[in-house]
Amino acid sequence: MKGALVRQVIIIGSGPAGYTAAIYAARANLDPLVVASSVEAGGELMNTTDVENFPGFPEGIQGPDLMTKMQEQAERFGAEVLYDDAVELDLDGAVKRVKLGSGKVEEADALIFATGSAPRKIGIAGEARLSGRGVSYCATCDGFFFRERVIAVVGGGDSAMEEATFLTKFASKVYVIHRRDELRASKIMQERAFKNEKIEFVWNSEVVDILGDDAVTGLVLRNTVDGSTSELALDGVFVAIGNDPRVHLVHGKLDLTPEGTVWVDGRSSRTSVPGVFAAGDVIDPTYRQAVTAAGSGTVAALDVEHYLAALGEAGEPDVHGDQIENLAGADATV
């Protein structure tokens with residue numbers, strides 16, 4: 001029998017996926033608890049300035065403002081937002097337990113894991129200070145702001161070539177800075193970049209500093225062969241050296257994909273553990289957009305509603321009985 005303090009659903013993460021899941025779960029009277037983090041509430045969009053590609057905001061919206069509106073919408077329908085950190089998960093058994101940084105343990109019948117991913121940082125001077133002021137980690141998010149500007153992409157894989165090629169739609173020139181003399185990217189992505197007249201490659205070079213006070217004005221490069229340094233004047237730098245899904249809490253607890261994201265069953269949000277669902281960038285190695293994360297959060301909330309209904313914890317879901325059985329499904333396997 002469920003204890004008095006066992007919640008119906010806990011959502012870990014407060015980015016677009018977490019807050020959208022909270023909106024849907026709250027509207028379904030599931031009284032969700034959102035563990036939003038003590039220092040990173042709102043996710044990666046809190047570090048973004050103008051967001052012009054999220055539907056419904058034709059004039060654009062600041063990243064922090066968008067996340068504030070999402071939070072307010074979730075709270076309007078009854079979601080509880082807790083500014084604390086999930087530090088340990090116990091996913092065994094019917095009741096899922098979340099240990100918080102404060103030492104408190106929250107329990108729920110279902111859990112939505114929406115911790116997102118973090119762009120890999122170079123880890124150099126100026127990077128954090130100029131983030132959002134010429135330093136970016138998302139070409140599709142920020143490329144528009146560099147029309148007719150000179151910019152650089154750091155990296156040598158497929159994502160770097162994709163970003164560089166995309167950015168030529170806006171920038172007057174795109175440098176690709178790579179620490180070796182050959183790319184890791186697939187042949188087709190390399191050929192596409194090599195054929196683009198706006199792209200110039202800077203080989204055997206690594207970025208050791210980012211210059212500028214209030215905005216990026218240039219880079220300091222170090223030659224990886226002879227150790228010499230040089231400066232490169234430009235207006236922005238896009239770091240494309242990979243993303244790391246935030247899965248440290250579920251290592252050994254949930255199945256992961258070869259890309260390191262949480263495995264889910266098809267287009268659902270069901271993970272390898274019944275009652276545990278995942279959404280957003282933590283399951284998405286490809287798109288990593290706010291709008292796709294929000295859609296993924298919707299899926300997770302609906303899956304939780306169906307799961308709890310099958311357990312007799314919620315109202316009747318809007319699906320047929322045989323679908324409920326499949327949605328609640330026993331154990332998912334890879």
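Residues His251 and Leu256 are in side-chain contact: their nearest non-hydrogen atoms beyond the backbone lie under 4.5 Å apart. Counting only heavy atoms from C-beta outward, the side chains of Leu308 and Asp109 approach each other to under 4.5 Å. By the 4.5 Å heavy-atom criterion applied to side chains, Val262 and Pro245 are not counted as neighbours. Inter-residue side-chain proximity for Met70 and Pro16 is flagged as met; some heavy-atom pair is nearer than 4.5 Å. Counting only heavy atoms from C-beta outward, the side chains of Asp31 and Asn29 never approach each other to under 4.5 Å. By the 4.5 Å heavy-atom criterion applied to side chains, Val105 and Leu100 are not counted as neighbours. No side-chain heavy atom of Ile177 sits less than 4.5 Å from a side-chain heavy atom of Val237. When side chains are defined from C-beta on, Glu127 counts as touching Val239, because their heavy atoms get closer than 4.5 Å.
Distance check: Thr115 OG1 to Ile11 CD1 gives 13.0 Å after rounding to the nearest 0.5 Å. With rounding to the nearest 0.5 angstrom, the CZ atom of Arg222 is 8.5 Å from the OG1 atom of Thr229. Residue Leu91 holds its CG atom at 6.0 Å from NZ of Lys253, rounded to the nearest 0.5 Å. The OG1 atom of Thr217 sits 10.5 Å away from atom CG of Leu232, with the distance rounded to the nearest 0.5 Å. Residue Arg184 holds its CZ atom at 9.0 Å from CD1 of Ile241, rounded to the nearest 0.5 Å. The distance from the CD1 atom of Ile112 to the CG atom of Leu33 is 11.5 Å, given to the nearest 0.5 Å.
Applying the side chain to side chain contact (heavy atoms under 4.5 Å, CB included) rule to Val216 yields the partners Leu130, Val135, Ile210, Leu234; only residues at least two apart in sequence or on another chain are considered. When the side-chain hydrogen bond (donor to acceptor under 3.5 Å, both in side chains) test is applied to Ser228, the partners found at least two apart in sequence or on another chain are Asp226. With sequence neighbours left out, the side chain to side chain contact (heavy atoms under 4.5 Å, CB included) criterion links Ala240 to Val153, Ser159, Ala160, Glu163. Residues satisfying the side-chain hydrogen bond (donor to acceptor under 3.5 Å, both in side chains) test with Glu107, not counting sequence neighbours, are Arg97. Residues satisfying the side chain to side chain contact (heavy atoms under 4.5 Å, CB included) criterion with Arg267, sequence neighbours excluded, are absent altogether. Judged as a side-chain hydrogen bond (donor to acceptor under 3.5 Å, both in side chains), and not counting sequence neighbours, Asn204 has no contacts. For Phe194, the ring pair (Phe, Tyr, Trp, His ring centres under 6.0 Å) partners are Phe201, not counting sequence neighbours. When the ring pair (Phe, Tyr, Trp, His ring centres under 6.0 Å) test is applied to Phe54, no partner is found at least two apart in sequence or on another chain. Contacts of Ala74 classified as side chain to side chain contact (heavy atoms under 4.5 Å, CB included), with partners at least two apart in sequence or in another chain: Tyr19, Ala22, Ile23, Ala79. Looking at residues two or more places apart in sequence or on another chain, you find a salt bridge (charged side-chain N to carboxylate O under 4.0 Å, His left out) between Asp244 and Arg120.
Val34 and Val299 sit in two unconnected hydrophobic clusters of ILVMFWY residues. Membership requires side-chain heavy atoms under 4.5 Å apart, directly or through other members. Using a 4.5 Å cut-off between side-chain heavy atoms of Ile, Leu, Val, Met, Phe, Trp and Tyr, with links allowed through other members, Leu302 and Leu30 fall into different hydrophobic clusters. Under the 4.5 Å side-chain contact rule for hydrophobic residues, Tyr175 and Met161 do not share a cluster. Both Met189 and Val174 belong to a common hydrophobic cluster when Ile, Leu, Val, Met, Phe, Trp and Tyr are linked at side-chain heavy-atom distances under 4.5 angstrom. Hydrophobic clustering, with ILVMFWY side chains joined whenever heavy atoms are under 4.5 angstrom apart, groups Leu219 together with Ile122.
A donor-acceptor pair is defined here as one N or O able to donate and one able to accept, closer than 3.5 Å; such a pair exists between the side chain of Ser272 and the backbone of Asp255. Checked by atom type and distance alone, the side chain of Ser205 pairs as donor or acceptor with a backbone atom of Trp203 at under 3.5 Å. No donor-acceptor pair closer than 3.5 Å links the side chain of Glu52 to the backbone N or O of Gly60. In this structure, the side chain of Ser172 engages the main chain of Arg149 through a donor-acceptor pair within 3.5 Å. Of the possible polar contacts, one joining the Ser296 side chain to the Gly280 backbone as a donor-acceptor pair under 3.5 Å is found. Here the side chain of Lys96 pairs no donor or acceptor atom with the backbone of Val276 at under 3.5 angstrom. Side chain of Ser269 to main chain of Phe277: no donor-acceptor pair is present (N/O by atom type, distance under 3.5 Å, no hydrogens or angles). Formation of a donor-acceptor pair under 3.5 Å by the Ser268 side chain with backbone atoms of Val264 is not found in this model. In this structure, the side chain of Thr271 does not engage the main chain of Leu254 through any donor-acceptor pair within 3.5 Å. With hydrogens and angles disregarded, a donor-acceptor distance shorter than 3.5 Å links the side chain of His178 to the backbone of Glu182.
Partner Leu167 forms a side-chain contact (heavy atoms from CB on, under 4.5 Å) with one of Val176, Asn196, Ile151 and no other, that one being Ile151.
Heavy-atom minimum distance, Ala125 versus Asp209: O-OD1, 2.9 Å. Considering every non-hydrogen atom in both Ala290 and Leu45, the closest pair reads CB-CD1, 3.8 Å. Residues Ile10 and Glu106 approach most closely at CD1-CB, 3.6 Å, considering heavy atoms. Taking each heavy atom of Thr224 and Arg179 in turn, the nearest pair found is OG1-O, 3.1 Å. Taking every heavy atom of both residues into account, Ser14 and Gly42 meet most closely at OG-N, 2.8 Å. In terms of heavy atoms, Ala86 sits closest to Leu249 at O-CD1, 3.5 Å.
In this structure, Val87 shares a hydrophobic cluster with no other residue, the cluster being traced through Ile, Leu, Val, Met, Phe, Trp and Tyr side chains under 4.5 angstrom apart. Val225 belongs to no hydrophobic cluster, as no Ile, Leu, Val, Met, Phe, Trp or Tyr side chain comes under 4.5 Å of its own.
Residues Thr261 and Glu259 bring no donor and acceptor atom of their side chains to less than 3.5 Å of each other. Side-chain atoms of Ser38 and Asp84 form no donor-acceptor pair, as typed in the model, at a separation below 3.5 Å.
Other residues, nucleotides and ligands contribute at most 12 non-hydrogen atoms within 6.0 Å of the OH atom of Tyr24. By the neighbour-count criterion of 12 heavy atoms within 6.0 Å, atom NZ of Lys69 is sparsely surrounded, having that number or fewer from other residues, nucleotides or ligands. Heavy-atom contacts from other residues, nucleotides or ligands closer than 6.0 Å to NZ of Lys173 number more than 12. At most 12 non-hydrogen atoms from other residues, nucleotides or ligands lie less than 6.0 angstrom from CD of Glu162.
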Determine whether Asn53 and Val291 satisfy the following criterion, side-chain contact (heavy atoms from CB on, under 4.5 Å), listing intermediate values before the conclusion.
CA-CA 8 Å; Asn53 56 4; Val291 68; over 6 Å; no

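Geometric assessment of Lys121 against the ring of Tyr137 yields a positive cation-pi assignment under the 6.0 Å and 45° thresholds.
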